[in-house]
4 protein chains.
Amino acid sequence: MKEDKRERIRDAAISVFAEKGFSEARADEIAERAGVAVGTIYNYFANKEAILIDIFEAEFTRLKEFYQHLRRSGLPVVEQIRQILKEHFARLEERQELIRVLQRERFKLLEHPGAEPLELYREIVAYVEELLREGIENGLLRECNPRIIAHALFGAVESVTHCSMICSPEESQQLFREAPEELAKFIWRGITLEGG
Amino acid sequence: MKEDKRERIRDAAISVFAEKGFSEARADEIAERAGVAVGTIYNYFANKEAILIDIFEAEFTRLKEFYQHLRRSGLPVVEQIRQILKEHFARLEERQELIRVLQRERFKLLEHPGAEPLELYREIVAYVEELLREGIENGLLRECNPRIIAHALFGAVESVTHCSMICSPEESQQLFREAPEELAKFIWRGITLEGG
Amino acid sequence: MKEDKRERIRDAAISVFAEKGFSEARADEIAERAGVAVGTIYNYFANKEAILIDIFEAEFTRLKEFYQHLRRSGLPVVEQIRQILKEHFARLEERQELIRVLQRERFKLLEHPGAEPLELYREIVAYVEELLREGIENGLLRECNPRIIAHALFGAVESVTHCSMICSPEESQQLFREAPEELAKFIWRGITLEGG
Amino acid sequence: MKEDKRERIRDAAISVFAEKGFSEARADEIAERAGVAVGTIYNYFANKEAILIDIFEAEFTRLKEFYQHLRRSGLPVVEQIRQILKEHFARLEERQELIRVLQRERFKLLEHPGAEPLELYREIVAYVEELLREGIENGLLRECNPRIIAHALFGAVESVTHCSMICSPEESQQLFREAPEELAKFIWRGITLEGG
DNA sequence: CATGAATGAGGTTTCATTCAT
DNA sequence: AATGAATGAAACCTCATTCAT
């Protein structure tokens, strides 16, 4: 019950942050959408920014766990990358607003250089980077700068959100249906050896 | 002289927006960096948001012109894409702060659905989309959804900015040197026909 | 308690408006005199102008009720006019600042042509106008344009405020003592039939 | 030519003051309506308030001269009062905006207790007051407090402006036609001896 | 723990006034 | 004398945060 209220506040915050952006989001509105009084927010979070940090931390922790799990799975590199993409798109579909907040407010992480979320983000990218490196070493992927390509991979996936920004809701729906397959192909070709 | 002052205000705004984000940027600081009084800002722009919109509009207009020029050039698709990447990275290198603002505040465009900048952005992506479509029709590029891939292309390129966010200044420098080549390869493989 | 605070803010505003005029009245000073923080004002009123409108509305509603009550009283026209003057001067004595604000800022009502206060003001004058018309029909008052004379009646009464503006506090006091009687006579002679 | 420009600025100010009130009147708009640059205003007036003071002073000086002239005319009291009303209404008709400004901003005079305009205003009322006193002494007017009645007289006349505030332009026109006669009768009966 | 009225620091914007041209 | 861009003090209002109930 207690944790439930914290959850509700966070979800309400996600919804408002996604819509107006962090800075324009008012505590009143978060409280209203969460169905609590403004004061209650401050029983669970130190301040508005703490909610955002918490959102980042929760999602990045979740992602990190996913990657750790994946690594321990012992699946071949190819399959791991496939799983990553699958996971990403599944998450995007089920929690569009959350993903939108993470992308929209990502720059705020820089204001807390030593804090948890940025560190987690680094680790997440590092996992992918290492995966790519492994793939290269195993002769499965082509030679490349794994850090750059790891980011490019994320960038390509995230672009779907930007795309949905400029098209109609109907086009958006179609987009979300086709994007996983399209991007998987795009990325796959981008990183595998010719003829691989 | 007059246009010069407007320019100085805009550049100062870019610098502050890049650093703190639009919402946290204070008019005082923009004025200070521009070397003018606060009031002067409002002789050139209706309000703080108008500066941001102007920044978007100016850059997107510039980009649109570049794309129009490119299209009229009659260069082969391959070469056009090469030029686009070259242009993007050159711009990123010479105006990092500007690019950072465009990426950071892109979501604000949604608040002005009918306004110029969003329309320009649509046109820009549409150019790339059409270029891809042309390449596909000519048998130069593989079959794909050109809209999705157009965005993915942008996303991959933009990811460099995010990458530079999480690494040291030295790593960043190296990154900017290597990224163009790396991304060109990644994208090229991602869109060409096998063995193309 | 809550309504009490709203009241205190309104009264403080009346005091400042009377002294400096609406436009020169600063929100800080209203808050200070009301014994609240600036922000508290805006928990009760949308903005500074809303306080003024509220002042007009409250007083005009009060007046309208007085006139409605009077009309239902069935008193003879003569007595009704006597009551109106009595009421006016009593109100002037007990709430000089309020009356001063109503007179001073009356022109601001024109900026809200369809709003409540102007409408109430119209109704109030209309009551007097009709009363005069009734008196004329009954042969108690001389033939006249009741609308013009209704306004003239108000104007004459209000002039006391202007008079007090240009004389010393001592003279003012004497003025307030003598004015009711003097004006009653003046008005009475002005509207009754010769020898009435 | 020089005096002409000063005049144009003053007239423009009257027009803006009448419309928006002194405090809401912007120097830019006065300049625009006067057909000069903002800076030019300050070559002729020390500041915005000085224009208002000047407007008051000019009109009150004019009025004072009229009253002085009248007094020296040796006309009978009755005729003098008739002339005063005639003059008032003529002025109201030819310079409605000016009259509106004088009435609207009259309270600002209190902020300059020792200044010329308030002094002139005192003198003007004093003339009428004395005229009334003379009439009473001569047995032409009824016994009354001449100061109060002098103000009441002004108040009644000024009420026409307020009346025109709440009615349609067409009603206003009719009002201005009928008011002089109506008010003259009202006032005359209010101050003369019964059967006078 | 929950509430929500109160707080007041702080930011945006306005606009009277100046002064270099 | 005329100009109008530049100035910056000042005012309104917002809204994250607190704390008494």
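Just so it is clear: chains get the letters A, B, ... in the order the sequence lines come, proteins before strands, and each one is counted from 1. If you're wondering where the values come from, they're calculated on a predicted model, not measured in any experiment.
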Given atom [atom1] of [X] and atom [atom2] of [N], what is their separation to the nearest angstrom?
X	N	atom1	atom2	result
C:Phe45	E:dA5	CZ	P	15 Å
B:Ile41	F:dA5	CD1	P	17 Å
C:Arg6	E:dA5	CZ	C1'	15 Å
B:Glu29	E:dG10	CD	P	15 Å
C:Glu32	E:dT7	CD	P	13 Å
C:Lys20	F:dA11	NZ	P	10 Å

> Picking from E:dT3, F:dG4, E:dA5, which would you name as closest to the side chain of C:Tyr44?
Replying inline: E:dA5
Roughly how far apart are [X] [atom1] and [Y] [atom2], rounded to 0.5 Å?
X	Y	atom1	atom2	value
B:Lys48	B:Arg26	NZ	CZ	10.0 Å
D:Ser23	C:Lys20	OG	NZ	12.5 Å
C:Glu29	C:Glu19	CD	CD	6.5 Å
D:Ile30	D:Ile51	CD1	CD1	4.5 Å

>> Quick check: do B:Arg106 and B:Tyr121 have side-chain heavy atoms less than 4.5 Å from each other?
In response: yes
> Considering only heavy atoms from C-beta outward, does the side chain of C:Phe45 approach that of C:Arg6 to under 4.5 Å?
Replying inline: yes
>> Between B:Lys108 and B:Glu111, does any side-chain N to carboxylate O distance fall below 4.0 Å?
In response: yes
> Which letter, B, S or -, goes with each nucleotide of nucleotides 13-21 of chain E from 5' to 3', with contact meaning a protein heavy atom under 4.0 Å?
Replying inline: BBSSBB---
>> Can you list everything that forms a side-chain contact (heavy atoms from CB on, under 4.5 Å) with C:Arg122? Sequence neighbours excluded, please.
In response: C:Leu118, C:Glu119, D:Ile166
> With sequence neighbours left out, what residues match B:Ala34 under side-chain contact (heavy atoms from CB on, under 4.5 Å)?
Replying inline: B:Ile9, B:Ala12, B:Val36
>> Applying the salt bridge (charged side-chain N to carboxylate O under 4.0 Å, His left out) criterion to D:Glu59, which one of D:Arg100, D:Arg91, D:Arg95 satisfies it?
In response: D:Arg91
> Does anything in residues 95-117 of chain C pair up under ring pair (Phe, Tyr, Trp, His ring centres under 6.0 Å), and if so which pairs, sequence neighbours excluded?
Replying inline: none
> If only side-chain N and O atoms of D:Lys5 are considered, is one of them under 4.0 Å from the OP1 or OP2 phosphate oxygen of F:dA2?
Replying inline: yes
>> For DNA chain F, please output the secondary structure as dot-bracket, reading 5' to 3'. Pairs are Watson-Crick or G-U wobble, both atom distances under 3.5 Å; mark crossing pairs with [ ], other-strand partners with |, unpaired with a dot.
In response: .||||||||||||||||||||
> Hey, can you pull the residues of residues 50-57 of chain C with a non-hydrogen atom under 4.0 angstrom from DNA chain E?
Replying inline: none
